[in-house]
Number of protein chains: 2
Amino acid sequence: MSKPLESDHGAQVGPGPAISRAEVQLRAQGLRLTPVRRRTLEILLEASGAIGAYDVLARLAADGFGSQPPVAYRALDFLVEHGLAHRLRRINAFTACSHPGETHHAAFLICRICRRVDELHAGHLRQMLVQDAHAAGFAVERTSLEASGLCADCQGQDVSDEGVE
Amino acid sequence: MSKPLESDHGAQVGPGPAISRAEVQLRAQGLRLTPVRRRTLEILLEASGAIGAYDVLARLAADGFGSQPPVAYRALDFLVEHGLAHRLRRINAFTACSHPGETHHAAFLICRICRRVDELHAGHLRQMLVQDAHAAGFAVERTSLEASGLCADCQGQDVSDEGVE
DNA sequence: AATTGACATGTAATAATATTACCATTAAAT
DNA sequence: ATTTAATGGTAATATTATTACATGTCAATT
């Protein structure tokens, strides 16, 4: 053998497909997936559920990036802005987008136990909301459609109400 | 004349109808609209739009109630819990419920300029979300359906994007 | 190759939001 | 009257987020 496999944080060889795709998508828009942004996206992708900005920050700092909040918030905001991640307002956390590229409006199902997030296509929901709003004279700019509850895996093992939200 | 009018914070005589109704509703459920809670509800009702917990706290403190965050959060949580107020997660703020009593699921239209909140009946929206979630194996417990944008009054006077959210 | 200008990153300081823990008080039920 | 549960007060702290400003990077021109 001539070329050793690189162990990239215990994951696969080279950037995961999600990262590569993100990079391509961004370049096409004249945007750059810089090292902090790339690593931030990796962190979100590696996480088992939604994570907070300060969790992201701690990992970035551990990897040699800046250790002050703006470092994380800027990268997260960038990713959210460009459809690669989502911000979950019910729990003040972030998660990688499950369907990057495809422009879509999603509703989020947030498990209050494991914090995993399922992303529902919700164009129709949003459309109804926008229309109802319009009928009320309100011009919608952005929406948050979120539900918290129990994911399939966590149902049954529900110990009354851990981490209610 | 025998009985002087009471000037209750520059408002009307005695408790406003919303307060009276809230009191009746709560008593019927064996709950109490205590002084802090009552005043908190008044504060929300007097506000021109959604206000933050710390704004509420400052007013409570000015009225002689406790000045530590739990005082406000407890009262606000109680009101939200019992359908007299809503918490808006997009902007970390609270607003009095427009339709207390009637159990309903609402969607909120939050004006990013004046912070006024319109409450849409959204039983159908929520129902769709709950069903889509169910189909995905997710058991919904609570939802947040919020939109931010411009209310009828603030459209037109839009100076690019004040207070974007 | 040097210069410029736009974008990106880093840090310090602070603001804004929210919770935990613990004690005192009040109201209601026995 | 005594007990119990609910409520309110405070201190301390945790968590989330922003502002302001300096530095650095990069690519497009001169």
Side-chain angles (χ1 to χ4, degrees), chain A residues 23 26-27 29-41 43 50-82 84-95 112 115 144 161-165, chain B residues 23 26-27 29-41 43 50-82 84-95 112 115 144 161-165:
Chain A
E23 185 144 35
L26 290 176
R27 291 204 77 86
Q29 300 171 76
L31 301 166
R32 297 159 53 205
L33 189 61
T34 61
V36 214
R37 292 169 180 173
R38 165 189 296 257
R39 184 66 194 119
T40 299
L41 180 51
I43 288 167
I51 59 179
Y54 279 72
D55 287 342
V56 170
L57 179 58
R59 297 178 207 206
L60 287 174
D63 289 351
F65 295 99
S67 61
Q68 299 300 313
V71 172
Y73 281 104
R74 283 194 288 237
L76 289 167
D77 288 348
F78 174 89
L79 295 175
V80 168
E81 185 79 16
H82 298 99
L84 297 167
H86 298 288
R87 182 175 207 149
L88 303 164
R89 325 223 50 143
R90 281 190 74 88
I91 60 172
N92 295 319
F94 297 82
T95 191
R112 72 165 147 84
R115 287 173 70 96
S144 307
D161 42 18
E162 302 175 43
V164 275
E165 167 60 45
Chain B
E23 186 143 36
L26 290 176
R27 291 205 78 86
Q29 301 172 75
L31 300 167
R32 299 160 51 209
L33 189 63
T34 61
V36 212
R37 291 170 181 173
R38 165 190 295 259
R39 183 67 194 118
T40 300
L41 181 51
I43 288 166
I51 59 180
Y54 278 74
D55 286 341
V56 171
L57 179 58
R59 295 177 208 207
L60 287 175
D63 289 351
F65 295 99
S67 61
Q68 299 299 315
V71 171
Y73 281 105
R74 283 194 289 235
L76 289 167
D77 288 348
F78 174 89
L79 295 175
V80 169
E81 185 80 16
H82 298 99
L84 297 167
H86 299 288
R87 182 175 206 149
L88 302 164
R89 324 224 48 144
R90 281 190 74 88
I91 60 171
N92 295 321
F94 298 82
T95 191
R112 70 166 149 85
R115 289 171 70 95
S144 306
D161 42 16
E162 301 176 45
V164 274
E165 167 61 44

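Here the structure is a predicted model, which means the values were calculated and not measured. Below, read A as the first sequence line, B as the second, and so on, with proteins coming before strands; counting in each chain starts at 1. Computed from heavy atoms alone, side chains included, the values below leave out hydrogens, waters and symmetry copies.
- B:R38 is linked by a side-chain hydrogen bond (donor to acceptor under 3.5 Å, both in side chains) to B:E23, counting only residues two or more places apart in sequence or in another chain.
- Judged as a side-chain contact (heavy atoms from CB on, under 4.5 Å), and not counting sequence neighbours, the contacts of A:T34 are A:R32, A:V36, A:R37.
- A residue-by-residue look at B:T34 and B:N92 shows that B:T34 has its nearest nucleotide of DNA chain D further toward the 5' end.
- For A:I91 and C:dT19, the CD1 to P distance is 14 Å, given to the nearest whole Å.
- Summarising the geometry, the separation between OH on A:Y73 and P on C:dA15 is reported as 17 Å, rounded to the nearest angstrom.
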Any protein N or O atoms within reach of nucleotides 25-30 of chain C? Criterion: under 3.5 Å, listing atom names and distances.
none

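- The separation between B:I51 atom CD1 and C:dA16 atom C1' is 15 Å, rounded to whole Å.
- Under the side-chain hydrogen bond (donor to acceptor under 3.5 Å, both in side chains) criterion, A:R115 pairs with no residue, sequence neighbours left out.
- Remark: A:D77 engages A:R87 in a salt bridge (Lys or Arg N to Asp or Glu O under 4.0 Å) (not counting sequence neighbours).
- The two residues A:L60 and A:V71 make their nearest non-hydrogen contact at CD1-CG1, 4.2 Å.
- When heavy atoms are screened at a 4.0 angstrom cut-off, B:V36 is found touching the sugar-phosphate backbone but no base atom.
- With sequence neighbours excluded, no residue satisfies ring-ring contact (aromatic ring centres under 6.0 Å, His included) with B:Y73.
- Among residues two or more places apart in sequence or in another chain, the side-chain contact (heavy atoms from CB on, under 4.5 Å) test is passed with B:P35 by B:F65.
- With sequence neighbours left out, B:F78 forms a ring-ring contact (aromatic ring centres under 6.0 Å, His included) with B:H82.
- Residues B:R87 and A:G66 each lie close to DNA chain C; by heavy-atom proximity, the contact nearer the 5' end of the strand is made by A:G66.
- In this structure, CZ of A:R37 is placed 11 Å from P of C:dG10, rounded to the nearest angstrom.
- Of all non-hydrogen atoms in B:L57 and B:A72, the two that sit nearest each other are CB-CB, 3.8 Å.
- Using modelled atom types, one finds no donor on one side chain facing an acceptor on the other under 3.5 Å when comparing B:R89 with B:S144.
- Interatomic distance, B:R74 CZ to B:Q68 CD, rounded to the nearest 0.5 Å: 10.5 Å.
- Applying the side-chain contact (heavy atoms from CB on, under 4.5 Å) criterion to B:A50, with sequence neighbours excluded, gives B:L88, B:I91, B:A93, B:T95, B:V117.
- Contact check of residues 52-59 of chain A against DNA chain D (heavy atom, cut-off under 4.0 Å) returns A:Y54.
- The outermost nucleotides of DNA chain D lying under 4.0 Å from heavy atoms of chain B, listed 5' to 3', are D:dT7 to D:dA11.
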Please write out each protein N/O paired with an N/O of nucleotides 21-23 of chain C under 3.5 Å, distance rounded to 0.1 Å.
none

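- A distance of 6.0 Å separates OG1 in A:T40 from CG in A:L76, rounded to the nearest 0.5 Å.
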